[in-house]
Amino acid sequence: MARAVMPEDSVKEVPELIDVMISLLFESLPRRDQRNWARVYLNGLVRTNGKKTIRNIAGTGASSVEQSLQQFISKSPWDWTPVRRSLAQHLERTAQRPLAWVLQPLVIEKAGDRSVGVGRQFVPQLGRTANCQQASGIWLASSEASFPVEWTLTLPGPWTSELMRRRRAGIPDTARSLTPAQDAVHAVQRMAATWQLQRRPVVMEVANGDLPQSIESFALQDIPFVFKVDGSLPVSFGGAGRHKPGPHTAPARELIDSLRSQRRVVEWTRHGRAEGAVTLLTSAPIFATPCEDRPASTPPTPLLLVGAWTEAALLPSEFWITNIGDRPLAQLFLLAKLTDRVSLDFTETCEQVGIRDFEGRSFRGWHHHATLASVAHAAKLLSARPHAHARDPYPGPARPAALPRQTTALPRPAAAHPATPAVLPPHLPGQTPRREYIR
């Protein structure tokens, strides 16, 4: 099949852009009729009013269309991974180059118990127990736009341990019951190893219990990260020098608050808003808590703890841990705040194309729907702006630099696949702070 080429600096109507993206992204689908049904479904996601169910997309009185779409989404054995990978590669070429891979949780509340992955479970984002599906999206995010390119669906224990339930939902034999954070970390590792993308810092929120394994997993592949953490997290610090006492342990909130005299003031613009904001930042070198199965002789991983105050707050309110040690605090903070860009695009575009609306019961169907919703999201955003074909604006070091003085560089294990080096942005277009100074 001939490859379509996107004209430079063009603004296309959504249906025209969908036709181009079918040619670019769905080459892995072996049959023409599959690609045609992908086109029908994508146009339905962007055009249909209300809930984007297969019945609504097919329209009234179109039972044959509905049956064909049901077959294509829920039963057809096409592999969604090549489509998602092609989407990510296409976005790196045509959209504004991403600054980070941002992990965005997705909670889909359900009334029944038949949807794949549904169960009563405590959801931190809701602060309560809910009957729901828990998923995560990996977004390529810049200061101007963000795009979901990969999805994970977390499977509670009964969905993998009960054979009949597993078979009815078509859950692969390789699927396991993990936490949402573990599923997301594994997805990032697969992307970094096999998708042939330029690695970017990974931005995500991590619960205290998932943090040691998340740090260990990314360190093994030399993946830069900015993890949002809770202020109650115990952190180890000090004791690295010959005459320095320690190490000591304290909650992240207490350590950051003890350094309030070293705060820097950063002015920045919130995503989707015209008004500016003021945030006070400080940081401290710390060491990661090792995993339980890590050899005792292995040196702790050097990290940086970053804390933020809003302008009028008496105590720090936000905290991040990162292995990026050679960037100003303002840049690290603005990387962390790309989660706001993702939240905005999720609400304004991804929800509008029906990411929550799949009503089928199969594992395959959920992932097919999420894949097509991601392409529809990209088509809507790309149709609204000229395509950027500028050179990569983020030249720089090929890996995160070692933290100052008392820290050591992360070990680099032999990779199973040739690794694409991580690129860290030297500046953030459109989000550069207007001033930063010591207070």
Side-chain angles (χ1 to χ4, degrees), residues 37-38 40-42 44-45 48-60 62-81 84 104-137 148 150-184 186-187 346 350-374 376:
W37 287 119
V40 171
Y41 200 80
L42 286 169
L45 291 176
T48 302
N49 294 322
K51 201 167 186 180
K52 308 302 192 294
T53 63
I54 290 176
R55 176 165 296 179
N56 288 344
I57 290 172
T60 57
S63 60
S64 61
V65 174
E66 183 178 349
Q67 291 173 6
S68 295
L69 287 176
Q70 287 280 9
Q71 172 68 27
F72 173 67
I73 294 297
S74 296
K75 297 180 180 179
S76 183
W78 56 275
D79 187 356
W80 55 84
T81 298
R84 295 178 183 180
Q104 168 86 347
L106 171 61
V107 179
I108 307 172
E109 295 197 69
K110 296 286 187 177
D113 60 359
R114 298 295 183 89
S115 298
V116 60
V118 75
R120 287 195 61 78
Q121 48 203 313
F122 179 77
V123 182
Q125 291 80 19
L126 301 178
R128 57 179 171 84
T129 298
N131 190 64
C132 64
Q133 296 168 312
Q134 289 197 80
S136 295
E150 175 66 307
W151 294 94
T152 65
L153 178 64
T154 296
L155 299 171
W159 285 94
T160 57
S161 62
E162 297 177 13
L163 185 59
M164 289 302 298
R165 179 182 286 198
R166 186 167 192 145
R167 285 179 175 174
R168 280 198 302 266
I171 296 172
D173 293 338
T174 55
R176 297 181 293 156
S177 292
L178 302 171
T179 68
Q182 289 170 336
D183 278 330
H186 289 173
F346 177 85
C350 202
E351 282 196 302
Q352 302 308 310
V353 298
I355 188 59
R356 297 180 183 273
D357 293 348
F358 180 66
E359 292 186 343
R361 299 175 180 177
S362 73
F363 183 86
R364 174 184 293 161
W366 189 93
H367 277 282
H368 284 167
H369 172 82
T371 301
L372 289 157
S374 298

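The analysis underlying the following values was restricted to heavy atoms, covering all of them including side chains, and did not include hydrogens, waters or symmetry mates. Just so you know, these numbers come straight off a predicted model, no measurement behind them.
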Does any part of the side chain of [Y], heavy atoms only, come nearer than 4.5 Å to the side chain of [X], both counted from C-beta?
| X | Y | answer |
| --- | --- | --- |
| H369 | L45 | yes |
| R114 | R168 | no |
| C350 | P148 | yes |
| V353 | L42 | no |
| F72 | V40 | no |
| V123 | E109 | no |
| L178 | T152 | no |

Spacing of [atom1] belonging to [X] relative to [atom2] belonging to [Y], to within rounding of 0.5 Å:
| X | Y | atom1 | atom2 | result |
| --- | --- | --- | --- | --- |
| I171 | R165 | CD1 | CZ | 8.5 Å |
| Q67 | S64 | CD | OG | 7.0 Å |
| S115 | W159 | OG | CH2 | 7.5 Å |
| H368 | Y41 | NE2 | OH | 11.0 Å |
| F358 | I73 | CZ | CD1 | 7.5 Å |
| H367 | T81 | NE2 | OG1 | 8.5 Å |

Between E359 and R55, is the closest basic N to carboxylate O distance under 4.0 Å?
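Salt bridge absent between R55 and E359.
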Side chain of [X], backbone of [Y]: donor and acceptor closer than 3.5 Å?
| X | Y | value |
| --- | --- | --- |
| S76 | Q71 | no |
| T160 | G157 | yes |
| W80 | R364 | no |
| Q121 | G119 | yes |
| D113 | V118 | no |
| R176 | D183 | no |
| E351 | R356 | no |
| K52 | Q352 | yes |
| N131 | K110 | yes |

Does R128 CZ have over 12 foreign heavy atoms under 6.0 Å away?
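Yes, the 6.0 Å shell around CZ holds more than 12 heavy atoms from other groups.
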Ring-plane angle category for W366 and W151, please: parallel below 30°, perpendicular beyond 60°, tilted otherwise.
perpendicular
Could you check whether R84 and T371, counting side-chain N and O atoms only, form a donor-acceptor pair closer than 3.5 Å?
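Result is yes, a qualifying pair exists.
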